Student: 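Sending over a structure as structure tokens; questions will come in a sec.
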Amino acid sequence: MKLTKILMTSTALSFVAGMVAAEAHMANEMTIVSWGGAYSKSQKLAYSDPYAEKTGVSIINDDSSNEAVAKLRAMNEAGNITWDVVDVVASDAIRLCDEGLAMEIDADEMLADAPDGTPASEDFGDLLVSDCFIPQIVYSTTFGYRTDMVGDTPPTSVCAIFDTETYPGKRSLEKRPINNMEWALICDGVAKDEVYDVLATPEGQQQALDKLATIKDDVIWWSAGADTPQLLADGEVVMGSTYNGRLFSVIEEQDQPVAMLWDAQVFDLDGWIIPAGLSDERKARALDFIYFATDTQRLADQAKYISYGPARKSSAPLVGKHADLGIEMAPHMPTDPENAKNTFLYNYEFWADYRDDIDAKFQAWLAQ
């Protein structure tokens with residue numbers, strides 16, 4: 001045990017020493033790509049600003065994560081990689097890794113141990129779903145609704161999105177098939193544990209699109225995570241899907257007449273990848289940033305600004321109150337027992353395998 005600990009400590013010190021030695025050869029600026037809005041703000045406050053202050057590096061922020069796969073494919077083909085660190089969802093990380101567009105990360109060599117010396121691979125555990133993916137947060141995609149537009153019967157089921165008689169008015173849905181196809185099948189009578197078996201067939205994909213067609217004229221399609229909160233705040237939609245942290249922001253920080261619907265919320269992971277093909281200087285800077293930004297304290301710090309659960313086990317006990325509002329953050333996390341009573345388990349591997357085909361079918365359906 002003692003020898004193991006010594007070896008682990010030695011390995012960590014060697015890596016840190018290597019990073020310090022390499023610091024003189026790191027790029028002095030980097031482009032960080034994420035999703036914008038309240039989420040990017042939480043990253044900026046929790047680790048981008050502290051990292052820039054510590055190192056003097058100049059950080060350029062880009063809010064293009066929604067197009068990360070397509071843009072990284074194009075950059076790779078053109079031989080001109082302009083991004084250094086990219087925030088993506090788990091299924092996109094798997095695709096980018098499989099296609100050789102993201103570099104592999106040895107968690108125990110390249111990421112910080114937990115404060116008690118637990119190796120990063122154990123601290124992240126099952127959330128390391130790809131060799132190229134460094135998870136940051138557990139979040140969910142769920143629904144918010146205007147409390148002043150739903151009468152005396154606020155929605156309790158995700159299927160309210162398809163009930164335009166009880167809840168008339170526009171609703172917002174993301175302009176991509178993920179989650180929409182699953183919710184459509186659930187609300188068309190498919191059992192949760194059979195959704196991906198059904199969705200793997202052409203008939204099942206058509207069934208989901210047919211269900212979505214029943215509300216197609218009532219939908220405002222969104223591309224950025226900040227869209228639905230803004231549409232809700234403006235009263236342009238009665239309900240809409242988005243990420244739970246964005247809804248937390250519009251409810252608690254902006255005090256808008258909006259409430260959360262946790263039914264059939266879809267858990268997902270978000271984290272970093274480093275594009276393959278960077279120069280040695282840029283790769284060293286990207287790795288140094290990742291080492292800093294994903295340590296135990298930094299991931300716990302992010303939960304001060306947005307209601308997403310940190311991906312490290314060691315960070316969870318450090319989650320406390322919101323930095324400005326002073327409210328406890330734990331009850332606002334998707335993993336809180338009260339909120340997680342009826343979740344839907346997202347299948348990363350399914351979407352890594354089927355994404356391109358179903359994306360094409362979904363976009364063709366939208367254009368009809």
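Here the structure is a predicted model, which means the values were calculated and not measured.
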Student: Set out, in order, the CA-CA distance, both residues' side-chain angles and the distance that settles side-chain hydrogen bond (donor to acceptor under 3.5 Å, both in side chains) for Lys192 and Asn342, then state yes or no.
Tutor: CA-CA 10 Å; Lys192 280 184 178 178; Asn342 191 24; 2.4 Å; yes
Student: Give a yes or no on whether Val89 and Val129 share a hydrophobic cluster (residues Ile, Leu, Val, Met, Phe, Trp, Tyr; joining criterion: side-chain heavy atoms under 4.5 Å apart).
Tutor: no
Student: Report the distance from atom CD of Glu236 to atom CE of Met149, rounding to the nearest 0.5 Å.
Tutor: 10.0 Å
Student: Could you check whether Glu174 and Asn180, counting side-chain N and O atoms only, form a donor-acceptor pair closer than 3.5 Å?
Tutor: no
Student: Count I, L, V, M, F, W, Y as connected when their side-chain heavy atoms are under 4.5 Å apart, and connections chain through other members. Are Met239 and Val266 then in the same cluster?
Tutor: yes
Student: Quick one, Arg73 with Glu99, criterion salt bridge (Lys or Arg N to Asp or Glu O under 4.0 Å). Give me CA distance, side-chain angles, the key distance, then yes/no.
Tutor: CA-CA 9 Å; Arg73 285 172 175 165; Glu99 295 176 28; 2.7 Å; yes
Student: Are the ring centres of Tyr291 and Phe289 closer than 6.0 Å?
Tutor: no
Student: Checking Thr296 side chain against Ala114 main chain: does a donor-acceptor pair fall under 3.5 Å?
Tutor: no
Student: Should Ser48 and Ile32 be marked as a side-chain contact (heavy atoms from CB on, under 4.5 Å) after you check the CA-CA gap, both sets of side-chain angles, and the distance that decides it?
Tutor: CA-CA 9 Å; Ser48 293; Ile32 297 177; 4.0 Å; yes
Student: Are the side chain of Ser65 and the backbone N or O of Ala68 linked by a donor-acceptor pair below 3.5 Å?
Tutor: no
Student: In the structure I gave you, are the side-chain heavy atoms of Arg246 and Ser249 within less than 4.5 Å of one another anywhere?
Tutor: no
Student: Are the ring centres of Phe267 and Phe344 closer than 6.0 Å?
Tutor: no
Student: Would Leu231 and Ile220 count as a side-chain contact (heavy atoms from CB on, under 4.5 Å) here? Give the steps.
Tutor: CA-CA 9 Å; Leu231 290 167; Ile220 296 175; 3.9 Å; yes
Student: Do you see a donor-acceptor pair shorter than 3.5 Å between the side chains of Ser172 and Thr228?
Tutor: yes
Student: For Glu328 and His332, work out which heavy atoms get closest and say how close.
Tutor: O-CD2, 3.3 Å
Student: Taking C-beta and beyond as the side chain, do Thr164 and Arg171 meet within less than 4.5 Å on heavy atoms?
Tutor: yes
Student: Cut-off 3.5 Å, side chains only: do Gln43 and Ser34 have a donor facing an acceptor?
Tutor: yes
Student: Would you mind checking if Asp263 and Lys341 are paired as a salt bridge, meaning a charged N to carboxylate O distance below 4.0 Å?
Tutor: no
Student: Which pair of heavy atoms, one from Ser314 and one from Asp123, lies closest together, and at what distance?
Tutor: OG-OD2, 2.6 Å
Student: Is there side-chain contact between Val319 and Met333, with heavy atoms separated by less than 4.5 Å?
Tutor: yes
Student: Ignoring hydrogens, what is the shortest heavy-atom contact between Ala340 and Pro334? Give both atom names and the distance.
Tutor: CB-O, 3.6 Å
Student: Taking Ala286's backbone N and O only, do any of them form a donor-acceptor pair with Asp84's side chain (distance below 3.5 Å, no angle check)?
Tutor: no
Student: Would you say the side chain of Glu281 lies within less than 4.5 Å of the side chain of Met26, judging by non-hydrogen atoms?
Tutor: no
Student: Atom CG of Asn66 and atom NZ of Lys175: how far apart are they, to the nearest 0.5 Å?
Tutor: 10.5 Å
Student: Between Tyr47 and Tyr51 (judged by ring centroids, cut-off 6.0 Å), do the two rings come close enough to count as a pair?
Tutor: no
Student: May I ask you to establish whether Lys211 and Phe162 are in a cation-pi arrangement, using a distance under 6.0 Å from NZ or CZ to the six-membered ring centre and at most 45° from the ring axis?
Tutor: yes
Student: For Trp351 and Glu182, which I'm curious about, is there any donor-acceptor pair between the side chains at under 3.5 Å?
Tutor: yes
Student: Ring centroid separation for Phe143 and Trp183, is it under 6.0 angstrom?
Tutor: yes
Student: Show, in sequence, the C-alpha distance, side-chain angles and deciding distance for Arg95 and Asp359, and conclude whether the salt bridge (Lys or Arg N to Asp or Glu O under 4.0 Å) test is met.
Tutor: CA-CA 14 Å; Arg95 286 199 293 166; Asp359 259 354; 5.1 Å; no
Student: So, the side chain of Thr147 versus the backbone of Ala259: is there a donor-acceptor pair under 3.5 Å, distance only?
Tutor: no
Student: Kindly say whether Thr142 contributes a backbone atom to a donor-acceptor pair with the side chain of Ser140 at under 3.5 angstrom?
Tutor: no
Student: Quick one: closest heavy-atom pair of Asn339 and Pro331, and the distance?
Tutor: ND2-O, 3.0 Å
Student: Take atom NZ in Lys321; do more than 12 heavy atoms of anything else shown fall under 6.0 Å from it?
Tutor: no
Student: Could you tell me whether the side chain of Thr201 and the main chain of Val198 form a donor-acceptor pair under 3.5 Å?
Tutor: yes
Student: Would you sort out whether Tyr346 and Ile178 count as a side-chain contact (heavy atoms from CB on, under 4.5 Å), showing the intermediate values?
Tutor: CA-CA 9 Å; Tyr346 178 76; Ile178 290 178; 3.6 Å; yes
Student: Side-chain contact test, heavy atoms from C-beta onward, threshold under 4.5 Å: evaluate it for Leu72 versus Leu96 and give yes or no.
Tutor: yes
Student: Would you check, one step at a time, whether the test side-chain contact (heavy atoms from CB on, under 4.5 Å) holds for Ile186 with Val195?
Tutor: CA-CA 7 Å; Ile186 291 169; Val195 162; 3.8 Å; yes
Student: Knowing that exactly one of Lys44, Lys54, Arg298 qualifies, which makes a salt bridge (charged side-chain N to carboxylate O under 4.0 Å, His left out) with Asp49?
Tutor: Lys44
Student: Counting only N and O atoms by type, is there a donor-acceptor contact under 3.5 Å from the side chain of Tyr243 to the main-chain atoms of Tyr308?
Tutor: no
Student: Quick check: do Asp324 and Glu253 have side-chain heavy atoms less than 4.5 Å from each other?
Tutor: no
Student: Rounded to the nearest 0.5 Å, what's the gap from CG on Asp295 to OG on Ser315? Could you check?
Tutor: 7.5 Å
Student: Any side-chain heavy atom of Val238 sitting closer than 4.5 Å to one from Pro168?
Tutor: no
Student: Taking the cut-offs as 6.0 angstrom to the six-membered ring centre and 45 degrees off its axis, would you call Arg176 and Phe362 a cation-pi pair?
Tutor: no
Student: Once rounded to the nearest 0.5 Å, what's the spacing between atom CH2 of Trp83 and atom CG of Asp62?
Tutor: 5.5 Å
Student: Over all heavy atoms of both residues, which pair between Gly144 and Leu247 is shortest? Give the atoms and the distance, please.
Tutor: N-CD1, 3.6 Å
Student: Output yes when a side-chain donor or acceptor of Arg285 lies under 3.5 Å from a complementary backbone atom of Met30, and no otherwise.
Tutor: no
Student: So, do His322 and Phe248 have ring centers that fall under 6.0 Å from each other?
Tutor: yes
Student: Does the Arg312 side chain pair with the main chain of Thr294, one donor and one acceptor, at a distance under 3.5 Å?
Tutor: yes
Student: In terms of side-chain heavy atoms, does Gln205 have a donor or acceptor partner in Tyr354 at a distance below 3.5 Å?
Tutor: no
Student: Which heavy-atom pair separates Pro229 from Val250 by the least distance, and what is that distance?
Tutor: O-CG2, 3.8 Å
Student: Is the shortest side-chain heavy-atom distance between Leu232 and Gln256 below 4.5 Å?
Tutor: no
Student: Kindly say whether Gly225 contributes a backbone atom to a donor-acceptor pair with the side chain of Thr242 at under 3.5 angstrom?
Tutor: yes
Student: Can a donor-acceptor pair be found between the side chains of Gln265 and Thr343 at a distance below 3.5 Å?
Tutor: no
Student: Looking only at the side chains, is there a donor atom on one of Thr118 and Glu122 sitting less than 3.5 Å from an acceptor on the other?
Tutor: no
Student: For the pair Trp222 and Ser241, evaluate side-chain hydrogen bond (donor to acceptor under 3.5 Å, both in side chains) and give the outcome as yes or no after the intermediate values.
Tutor: CA-CA 9 Å; Trp222 60 267; Ser241 67; 3.2 Å; yes
Student: Could you measure the distance from the CG atom of Asp210 to the CD atom of Glu203? Nearest 0.5 Å is fine.
Tutor: 11.5 Å
